Amino acid sequence: MYQIIKSTASGLEMMVEPVSGCWINVIDPTPEETDFLVSLGIPQDFITYSLDQDERSRSEREDNGVLLILIRIPYFQGAKTDVPYITIPLGLILAENMIITVCKKENTIINDFCCGKAKGLSTGKRNRFVLRVLLSTAILYLNYLREIDKIVDVLEDRLQLSMRNHEVLELLKYQKSLVYFTTALKANELLLERMHKSQLFKMYPDDEDLVEDVLTENQQAIEMVNTSSNILSSMMDAFASIISNNLNVVMKFLTSATIVISLPSMVYGFFGMNVPLPYQDEWFAALLVIGLSFGIAGIVVYIFYKRDWF
C-alpha cells in the first residue's frame with residue numbers, strides 16, 4: 001500500500017501521481033508497488049533494506065544521489081504478546097524532488113504525519129521532514145518508556161504478595177522490550193551524530209535548533225531506558241527472592257499446622273487402644289482425654305508462636 005501526499009496552503013492533500021515536492025508513504029509494498037518505486041529511480045536495495053526486520057540504523061547514498069536514512073522506531077505489538085514493545089526499521093529515502101518512507105508495518109509516527117497531527121509539516125522540505133521524523137521517534141520512545149514504567153509499578157504491587165511466576169514472567173516481557181529499545185536508541189544516536197558531524201545533507205539555519213532537539217530527546221530516551229532497564233533487572237532479582245520467601249512462609253505455616261493437628265490424634269490413638277488404661281472407668285475419662293490433647297496442642301502452639309514458626 002502506498003499514498004502520495006503533498007503539503008499545500010490548506011494542508012496535506014492526496015495525489016494520484018507523484019509530483020515535485022511530494023511524499024510517498026509506502027507500507028509493506030507488493031511486488032507491483034516495489035516496481036513502481038524502482039521506476040521512480042529508487043534503488044530496489046533501499047526498499048529491501050527498509051523492510052528487513054533485522055536491519056540496523058544507518059545511511060547510504062547511491063551514485064545517482066538518492067539517499068537512504070534507515071532508523072529503528074518503536075512499535076507496540078500488544079500487551080498479550082511475548083514482547084509488547086519492539087523496534088522496526090523505517091526507511092527515509094530522499095530522491096531528487098521527493099521523499100519516500102518505507103516500513104513493513106503501519107506505525108504511530110507515520111500515521112500521525114498522514115493525519116496532519118504534525119503541525120506545519122512540509123513535504124517539500126525534505127531535510128526538515130527527516131528531522132521531524134527523528135524527533136517524533138525520540139518522543140515516542142519516551143512515551144512508551146513512561147507506559148512501561150507505569151505497568152512495572154502495577155506489577156510491583158502485585159508481586160509483593162505473589163507466590164507464582166506469572167508476574168515475574170510479565171516483568172521479563174518488558175525487560176525484553178527495554179533491551180530492544182536500548183539497542184535501537186544507541187544505533188539511532190550513532191546515526192544522528194554521524195549525520196550532524198558529516199553534514200550528510202544540507203541543513204538550513206532554521207534546522208539547527210531542530211537538530212539539537214532531536215539529539216537532546218534521543219539522549220534523554222537513552223538515559224531513561226538505561227535507568228529503567230537497571231531498575232527492572234534489580235527488581236526481578238529481588239522479587240524472585242520475595243516469591244521464594246512467600247512460598248517458604250506458607251510452607252512453614254502448613255508444616256506447623258500439621259504438627260499441631262496431629263497431636264490430638266496421637267493422644268486419641270493412645271487412649272483408644274484395647275488395653276486397660278488409667279481412669280478408663282471414670283465418668284470424666286472422655287473429658288480428660290480431650291483436655292489433655294488440647295492442652296498439649298496449646299503448649300506446642302505457644303512454643304511455635306514464641307519462636308515465630310507460625
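Since the model is a prediction, treat every value here as computed from it, not as a measurement.
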Could you tell me the separation between the [atom1] atom of [X] and the [atom2] atom of [Y], rounded to the nearest 0.5 Å?
X	Y	atom1	atom2	result
L94	T101	CG	OG1	11.0 Å
L191	L134	CG	CG	7.0 Å
I259	I261	CD1	CD1	11.0 Å
I69	S50	CD1	OG	11.0 Å

Under 6.0 Å from the [atom1] atom of [X], do we count more than 12 heavy atoms belonging to anything else shown?
X	atom1	answer
D82	CG	no
R58	CZ	yes
Q44	CD	no
E96	CD	no
M1	CE	yes

Using a 3.5 Å distance criterion without hydrogens, assess whether the side chain of [X] forms a donor-acceptor pair with backbone atoms of [Y].
X	Y	value
Q77	V83	yes
E17	I4	no
K150	L145	no
R72	E55	yes
N218	V214	no
E33	T30	yes

Closest heavy-atom contact between T123 and I5?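 The pair with the smallest heavy-atom distance is CG2-O, 4.0 Å.
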Take the angle between the ring planes of F36 and Y2 and call it parallel below 30°, perpendicular above 60°, tilted in between.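 Rings of F36 and Y2: parallel, under 30°.
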Taking the inter-plane angle between the rings of Y85 and F76 on a 0 to 90° scale, is it parallel (under 30°), tilted (30 to 60°) or perpendicular (over 60°)?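 If you compare the ring of Y85 with that of F76, the planes turn out tilted.
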Apply the test side chain to side chain contact (heavy atoms under 4.5 Å, CB included) to residues N25 and W23: give CA-CA distance (whole Å), side-chain angles for both, the deciding distance (0.1 Å), then the verdict. CA-CA 6 Å; N25 174 36; W23 163 35; 3.8 Å; yes
Would you please indicate yes or no on a ring centroid separation below 6.0 angstrom for Y141 and F181?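 Ring-ring flag for F181/Y141: true, centres closer than 6.0 Å.
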Between T137 and N188, a side-chain donor and acceptor under 3.5 Å: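 Looking only at side-chain atoms, N188 and T137 do not form any donor-acceptor pair under 3.5 Å.
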What verdict does the side chain to side chain contact (heavy atoms under 4.5 Å, CB included) test give for I86 and T81, after you've listed the backbone C-alpha separation in whole Å, the side-chain angles of each residue and the deciding distance to 0.1 Å? CA-CA 11 Å; I86 61 171; T81 57; over 6 Å; no
Ion pair K173/E170, N-O distance below 4.0 Å: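 The answer is yes: the pair qualifies as a salt bridge.
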If you apply the rule side chain to side chain contact (heavy atoms under 4.5 Å, CB included), what do you find for L215 with Q219, and how did you get there? CA-CA 6 Å; L215 292 172; Q219 185 60 39; over 6 Å; no
Does the pair K105 and D28 meet the rule for a side chain to side chain contact (heavy atoms under 4.5 Å, CB included), with working shown? CA-CA 6 Å; K105 302 176 183 292; D28 193 16; over 6 Å; no
